[in-house]
Amino acid sequence: MSQKDIKNFIISGFNLIKHSADLTYKNKADSISYLFGIGSLVGILPGWRPKAISHNALCLFVENNFKYPRGLERAHEHHRRDTLYELINNDWNSDDEWWNFFYERDFTILSTRSENRDERNFNQVISYAIPLEENLFLGKKVGFIYSEKEKIFLANLAVEKNLM
C-alpha cells in the first residue's frame, strides 16, 4: 500500500467518522486521533514532530550534558483537543482544506513538562526553531528519537544562545 493509498484511507475514514450519526463527539475525537496515528507512523503526517524547542528545554539538555533529560514533552502550539474540535465541527470546502489545517497544527515544541501543562501561558514561552528539513527529533509512539545528530544540533544551538 502506497502513502497515497494510506492518505486516501485516512481521508475516507475521517469523513466516515465525522459524518456518523451513531458516534458521540468523544467517540469521533478518539477514533480520528487513532486514524491520524496511522498517518504519523508512515510519515505522511508530522506525528507531533517538534519544529521548535523551548529555552527551558534546551537548558535541561545543557544541564544534563546533552543526555536525554527527564521532564521533556512535545507540546502542541494549538492544543490537540481544540484542533479535533475544529475538524469535527467545521464545514470544510474540501478534503485538502481540512487535511492542511490538521497538518499545520500537528507540529509541536519540545518543552518542559511544566511549560506544557501551563496552557494559558504557553504562547509566551521562548523557543528556537528546529529546521524541519534536517529530520530531527522524529516521533515514536512515545517520545522522540534522540541520536547523535540531535545532540550535535542542540550543542550548537546552546553555543549560539550563549548557554555554554
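Not measured: the values here are computed from a predicted model.
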Tell me, please, which residues at least two apart from [X] pass side-chain contact (heavy atoms from CB on, under 4.5 Å).
{"X": "Leu163", "answer": "His55, Leu58, Cys59, Val62, Ala158, Lys161"}
{"X": "Ser40", "answer": "Leu45, Asp106"}
{"X": "Asn93", "answer": "Glu97"}
{"X": "Gln124", "answer": "Asn121"}

Legend entry - Under the side-chain hydrogen bond (donor to acceptor under 3.5 Å, both in side chains) test, residues paired with Asn135 that sit two or more places apart: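 Asn135 satisfies side-chain hydrogen bond (donor to acceptor under 3.5 Å, both in side chains) with Arg49 once adjacent residues are dropped.
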Legend entry - Partners meeting side-chain hydrogen bond (donor to acceptor under 3.5 Å, both in side chains) with Asn15 (sequence neighbours left out):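 Per chain and number, Asn15 pairs via side-chain hydrogen bond (donor to acceptor under 3.5 Å, both in side chains) with Asp95.
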What distance do [X] atom [atom1] and [Y] atom [atom2] have between them, rounded to the nearest 0.5 Å?
{"X": "Leu136", "Y": "Lys151", "atom1": "CG", "atom2": "NZ", "answer": "14.5 Å"}
{"X": "Tyr128", "Y": "Ile53", "atom1": "OH", "atom2": "CD1", "answer": "9.5 Å"}
{"X": "Leu35", "Y": "Ile6", "atom1": "CG", "atom2": "CD1", "answer": "11.0 Å"}

Inset, instruction - Could you tell me how the ring of His76 sits relative to the ring of Trp48: parallel (under 30°), tilted (30 to 60°) or perpendicular (over 60°)? - result: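 His76 and Trp48: perpendicular rings.
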Legend entry - Aromatic plane relationship, Phe137 with Phe153 - under 30° parallel, 30 to 60° tilted, over 60° perpendicular: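 Ring orientation of Phe153 relative to Phe137: perpendicular.
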Inset, instruction - Mind checking salt bridge (charged side-chain N to carboxylate O under 4.0 Å, His left out) for Glu77 and listing every partner two or more places apart, or none if nothing turns up? - result: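 Counting only residues at least two positions away or on another chain, Glu77 forms a salt bridge (charged side-chain N to carboxylate O under 4.0 Å, His left out) with Lys51.
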Legend entry - Residues that Glu119 engages under salt bridge (charged side-chain N to carboxylate O under 4.0 Å, His left out), provided they are two or more places apart: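 With sequence neighbours excluded, Glu119 shows a salt bridge (charged side-chain N to carboxylate O under 4.0 Å, His left out) to Arg81, given in chain and number order.
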Inset, instruction - Sort and list the pairs that fulfil side-chain hydrogen bond (donor to acceptor under 3.5 Å, both in side chains) and have at least one residue in residues 24-33, not counting sequence neighbours. - result: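 Sorted pair list: Thr24-Asn27, Lys26-Asp30.
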Inset, instruction - Please list all pairs passing the side-chain hydrogen bond (donor to acceptor under 3.5 Å, both in side chains) test where one or both residues lie in residues 108-117, with sequence neighbours left out. - result: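 The answer is Ser54-Glu115, Asn56-Glu115, Glu73-Arg113, Glu73-Asn116, Glu73-Arg117, Thr112-Ser114, Thr112-Glu115.
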Legend entry - Working for ring pair (Phe, Tyr, Trp, His ring centres under 6.0 Å), residues Tyr103 and Phe36: CA-CA 10 Å; Tyr103 187 92; Phe36 288 160; over 10 Å; no
State, with a plain yes or no, whether a side-chain heavy atom of [X] is found less than 4.5 Å away from one of [Y].
{"X": "Leu157", "Y": "Phe61", "result": "no"}
{"X": "Met1", "Y": "Asp5", "result": "yes"}
{"X": "Phe101", "Y": "Thr83", "result": "yes"}

Inset, instruction - Would you check if the side chain of Ser12 reaches a backbone N or O of Asn8 as a donor-acceptor pair within less than 3.5 Å? - result: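 Indeed, once roles are kept as given, a pair shorter than 3.5 Å links the two residues.
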Inset, instruction - Using modelled atom types only, decide if a donor and an acceptor are shared between the side chain of Asp82 and the backbone of His78 within a distance under 3.5 Å. - result: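 No.
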Inset, instruction - Start with the C-alpha distance between Leu154 and Phe66, add both sets of side-chain angles, then the distance that settles side-chain contact (heavy atoms from CB on, under 4.5 Å), and finish with yes or no. - result: CA-CA 8 Å; Leu154 291 174; Phe66 296 96; 3.9 Å; yes
Inset, instruction - Please check if Ile17 and Phe9 belong to a single hydrophobic cluster, counting links between Ile, Leu, Val, Met, Phe, Trp and Tyr side chain heavy atoms closer than 4.5 Å. - result: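 The answer is yes; both residues are in one hydrophobic cluster.
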Inset, instruction - Verify the neighbour count for atom OH of Tyr68: are there more than 12 heavy atoms of other residues, nucleotides or ligands below 6.0 Å? - result: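 For Tyr68, atom OH is crowded (more than 12 foreign heavy atoms under 6.0 Å).
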Legend entry - Crowding at CD1, Ile126 (>12 non-hydrogen neighbours, <6.0 Å):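 At most 12 heavy atoms, drawn from other residues, nucleotides or ligands, come within 6.0 Å of this atom.
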Inset, instruction - Could you give me the CA-CA distance, side-chain angles and deciding distance for Tyr85 and Asn90, then say whether side-chain contact (heavy atoms from CB on, under 4.5 Å) is met? - result: CA-CA 8 Å; Tyr85 180 86; Asn90 283 351; over 6 Å; no
Legend entry - Nearest heavy atoms of Pro69 and Asn64, plus distance in Å: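 For Pro69 and Asn64, the tightest heavy-atom pair comes out as CB-ND2, 3.3 Å.
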Inset, instruction - Verify whether one side chain among Ser147 and Glu150 offers a donor that lies under 3.5 Å from an acceptor in the other. - result: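 A pair is found: one side chain offers a donor N or O, the other an acceptor, under 3.5 Å apart.
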Legend entry - Residues clustered with Phe122, ILVMFWY side-chain links under 4.5 angstrom: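 Phe122 clusters with Ile109, Val125.
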Inset, instruction - Could you check Trp98 against Ile11 for side-chain contact (heavy atoms from CB on, under 4.5 Å), going step by step and ending with a plain yes or no? - result: CA-CA 9 Å; Trp98 71 256; Ile11 289 170; 3.9 Å; yes
Legend entry - Inter- and intrachain pairs under salt bridge (charged side-chain N to carboxylate O under 4.0 Å, His left out), touching residues 59-70, at least two apart: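 Output for this query is empty, none listed.
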Legend entry - Steps toward side-chain contact (heavy atoms from CB on, under 4.5 Å) verdict (Ile44, Trp99): CA-CA 11 Å; Ile44 60 174; Trp99 181 274; 4.0 Å; yes
